Amino acid sequence: MTKKASWGILGMGVMGTSLSRNLAQKGLSLALYNRYLKGEEEGVAAERCQTYPELETAQPFEELAAFVGALESPRKILVMVPSGPAIESVLEQLLTLLAPGDILIDGGNSHFEATEKRDERFTAAGISFLGMGVSGGEEGALKGPALMVGGHAEAFGRVQKDLAQMAAKNSQGVPCLGYFGRGGAGHYVKMVHNGVEYAEMQLLAEVYECLLTQENPSWNLFAEWQQTESQSYLLGITASIVTYRENEALVIEQILDKTRHKGTGSWSSTSAIAQGAPATLMQAALNARFTASQKEYRSKMAAELTTINTKPPVLREITLKKAYDLVRWVNHHQGFELLKAAKTTHAWSFPLSEAAKSWTAGCIIQSELMQELTDLLEENQNLLESSRFKKCHQENRTALEELLTWGLKAKIPLPAFSAAWHYLMAISQADSSGNFIQAQRDFFGGHGLEWKNPKSNKGKHGPWHTKHS
Ligand code: 6PG
């Protein structure tokens with residue numbers, strides 16, 4: 001009789017296959033499942049076992065009950081299928097096949113509220129449900145991803161050792177594996193990771209567009225920056241992307257300028273709105289994707305709203321780099337502030353440094369800056385109030401302003417860089433125009449006024465109304 005497997009991996013797409021290979025390389029015995037879809041998906045799990053030597057001893061299935069039956073009890077199953085209807089249907093079937101004590105992990109990019117509902121449903125059946133954000137793409141999944149887990153603490157304890165083996169290790173050898181609390185906490189942290197990721201990607205896209213305007217742009221610039229404190233995974237891939245050629249032609253120049261997205265960036269932006277947390281960079285990045293997707297309309301409007309095209313002025317590389325270094329701090333600060341607000345709303349108690357630590361390797365937003373932020377957050381410092389940020393701000397603010405001024409002259413949209421500047425201006429303004437908004441709301445809606453100084457206003461306390469005649 002075949003020995004039962006210690007883990008079941010469900011879904012043999014890119015991520016499911018890479019995570020299976022990762023676990024198999026650590027010596028864990030596996031059962032692999034992929035659905036059977038006549039003419040489309042046939043014998044997929046078996047094919048994976050034949051293709052990858054490390055999966056040679058794994059057991060392949062395309063019948064769900066047989067797959068579940070091949071696992072040691074209590075079972076441990078990692079589900080790697082796309083969020084939405086695909087996962088909903090497979091979870092529904094699993095609910096009828098699993099037994100109390102089993103552990104089910106959703107490793108896809110599910111919305112945290114869906115995870116909370118599933119957690120309740122499975123808990124009622126005695127099954128432990130964990131929602132786990134997995135970051136790092138195909139390579140990360142194979143060599144070590146960042147893992148962000150939420151759900152039953154006791155169940156996490158039972159799989160922690162195996163997950164730690166699977167996860168990336170940072171420069172201190174610490175696994176990039178965080179447990180963030182009950183319900184959808186893990187998927188929430190992954191969602192914010194992706195919001196920060198959207199803005200980091202957009203900033204690099206803006207740098208790319210700035211460089212494109214220059215005569216003989218130096219495409220080695222990204223590789224040079226990568227050798228400095230600006231280092232990051234995304235900067236590293238940018239250095240390759242801008243110089244990559246096929247048949248001697250630059251591939252980047254042949255890619256259609258139309259952007260897609262799968263949801264996590266808009267979920268994090270929506271959640272920031274729900275929390276009342278300013279997350280202006282991730283929202284600017286999201287809107288930039290929306291406008292980029294409107295290729296046909298943009299092409300039409302390019303002819304309708306013609307601007308006088310003057311030759312873009314020269315832009316100093318150092319200006320670009322200094323501005324870039326500054327705005328990344330603002331993006332990360334907004335991401336951590338969003339996490340802080342959500343922690344209060346959802347009564348999660350994880351330290352922010354735990355999120356930062358889980359993002360120091362394996363994931364898309366890993367960077368030298370993230371390591372630095374982890375240290376600051378471990379000391380409970382507010383990022384913008386830290387002396388490190390103040391130094392960065394003092395050294396680079398003028399460059400950011402020079403870049404934005406250049407952008408106006410060159411007629412280049414810089415939504416994420418501008419969002420960072422506006423945020424910095426607004427958050428460091430002791431007296432804002434908020435009084436004016438109050439006055440307007442009270443004028444047309446009788447919403448009441450809060451007085452700046454009740455004593456000098458004849459002792460009027462609390463909400464008060466103006467009487468315009
Ligand atoms: C990661 C990525 C990964 C994926 C997202 C983003 O952390 O490994 O974020 O999860 O690339 O789905 O996708 P979109 O850009 O399509 O929204």
Side-chain angles (χ1 to χ4, degrees), residues 111-113 116 184 188 191-192 194-196 198-199 202 261 263-291 294 301 305 326-327 329-348 352 382-385 389 393 397 400-401 404-405 407-408 413-469:
H111 193 286
F112 75 100
E113 284 170 351
E116 313 236 292
Y188 194 93
M191 180 188 79
V192 174
N194 280 28
V196 173
Y198 270 47
Q202 175 62 23
H261 72 115
T264 47
S266 82
W267 297 344
S268 47
S269 294
T270 309
S271 177
I273 291 169
Q275 299 296 332
T280 55
L281 272 90
M282 66 176 76
Q283 286 158 358
L286 180 68
N287 285 318
R289 288 200 189 192
F290 294 159
T291 28
Q294 298 179 1
M301 293 310 286
L305 301 177
L326 174 60
V327 297
W329 273 85
V330 181
N331 179 34
H332 285 77
H333 166 77
Q334 291 187 343
F336 284 110
E337 288 296 296
L338 171 55
L339 277 183
K340 197 197 279 177
K343 277 176 55 181
T344 309
T345 307
H346 297 276
W348 293 319
L352 290 179
N382 175 290
L383 301 184
L384 288 203
E385 291 170 42
F389 174 73
H393 177 253
R397 226 295 275 293
L400 175 57
E401 287 166 357
L404 296 177
T405 310
L408 290 175
L414 296 170
F417 274 97
S418 316
W421 182 81
H422 283 286
Y423 177 79
L424 279 175
M425 286 299 100
I427 208 68
S428 56
Q429 194 182 32
D431 293 311
S432 74
S433 55
N435 53 337
F436 183 74
I437 302 289
Q438 276 216 55
Q440 290 181 106
R441 288 177 75 243
D442 187 60
F443 193 110
F444 61 68
H447 295 290
L449 298 164
E450 271 180 277
W451 295 107
K452 193 193 259 178
N453 185 350
K455 283 200 187 108
S456 64
N457 285 289
K458 302 184 188 125
K460 290 172 186 168
H461 288 279
W464 200 257
H465 297 293
T466 44
K467 289 192 187 75
H468 292 269
S469 55

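Numbering of residues begins at 1 and proceeds along the displayed sequence. All values reported here derive from a predicted model rather than from experimental measurement.
- The distance from the CZ atom of F417 to the CG atom of L404 is 8.5 Å, given to the nearest 0.5 Å.
- Within a 6.0 Å sphere centred on CZ of F436, heavy atoms belonging to other residues, nucleotides or ligands number 12 at most.
- Put simply, the side chain of T264 reaches to within 4.5 Å of the side chain of Y198, judged on heavy atoms.
- A distance of 8.5 Å separates OG1 of T280 from CG of N331, quoted to the nearest 0.5 Å.
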Query raised in the report: Are Q275 and T344 close enough, and set up right, to give a side-chain contact (heavy atoms from CB on, under 4.5 Å), and what steps lead you there?
Result: CA-CA 10 Å; Q275 299 296 332; T344 309; over 6 Å; no
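- The list of side chain to side chain donor-acceptor pair (under 3.5 Å) pairs with a residue in residues 416-432, not counting sequence neighbours, reads H333-Y423, E401-W421.
- Within the model, atoms CG of L414 and CG of L400 stand 9.5 Å from one another, a figure rounded to the nearest 0.5 Å.
- Here CG of N435 is found 10.0 Å from CG of L449. Values are rounded to the nearest 0.5 Å.
- With Q334 contributing its side chain and M282 its backbone, the two residues share no donor-acceptor pair below 3.5 Å.
- Under the ring pair (Phe, Tyr, Trp, His ring centres under 6.0 Å) criterion, F112 pairs with Y188, H346, sequence neighbours left out.
- Separation of atoms CZ (F389) and CG (L424) is listed at 5.0 Å; rounding is to 0.5 Å.
- A 4.5 Å side-chain heavy-atom check between V330 and I427 finds every atom pair outside the cut-off.
- A donor-acceptor contact shorter than 3.5 Å is absent between the side chain of Q202 and the backbone of A284.
- When side chains are defined from C-beta on, Q283 counts as touching I273, because their heavy atoms get closer than 4.5 Å.
- Between G448 and D442, the closest heavy-atom pair is N-OD1, 2.8 Å.
- Remark: L286 CG to L281 CG distance equals 12.5 Å, nearest 0.5 Å.
- At distances below 3.5 Å, not a single donor-acceptor pair connects side-chain atoms of S271 with backbone N or O atoms of W267.
- Side-chain contact between E337 and N382: present, with at least one pair of heavy atoms (C-beta onward) separated by less than 4.5 Å.
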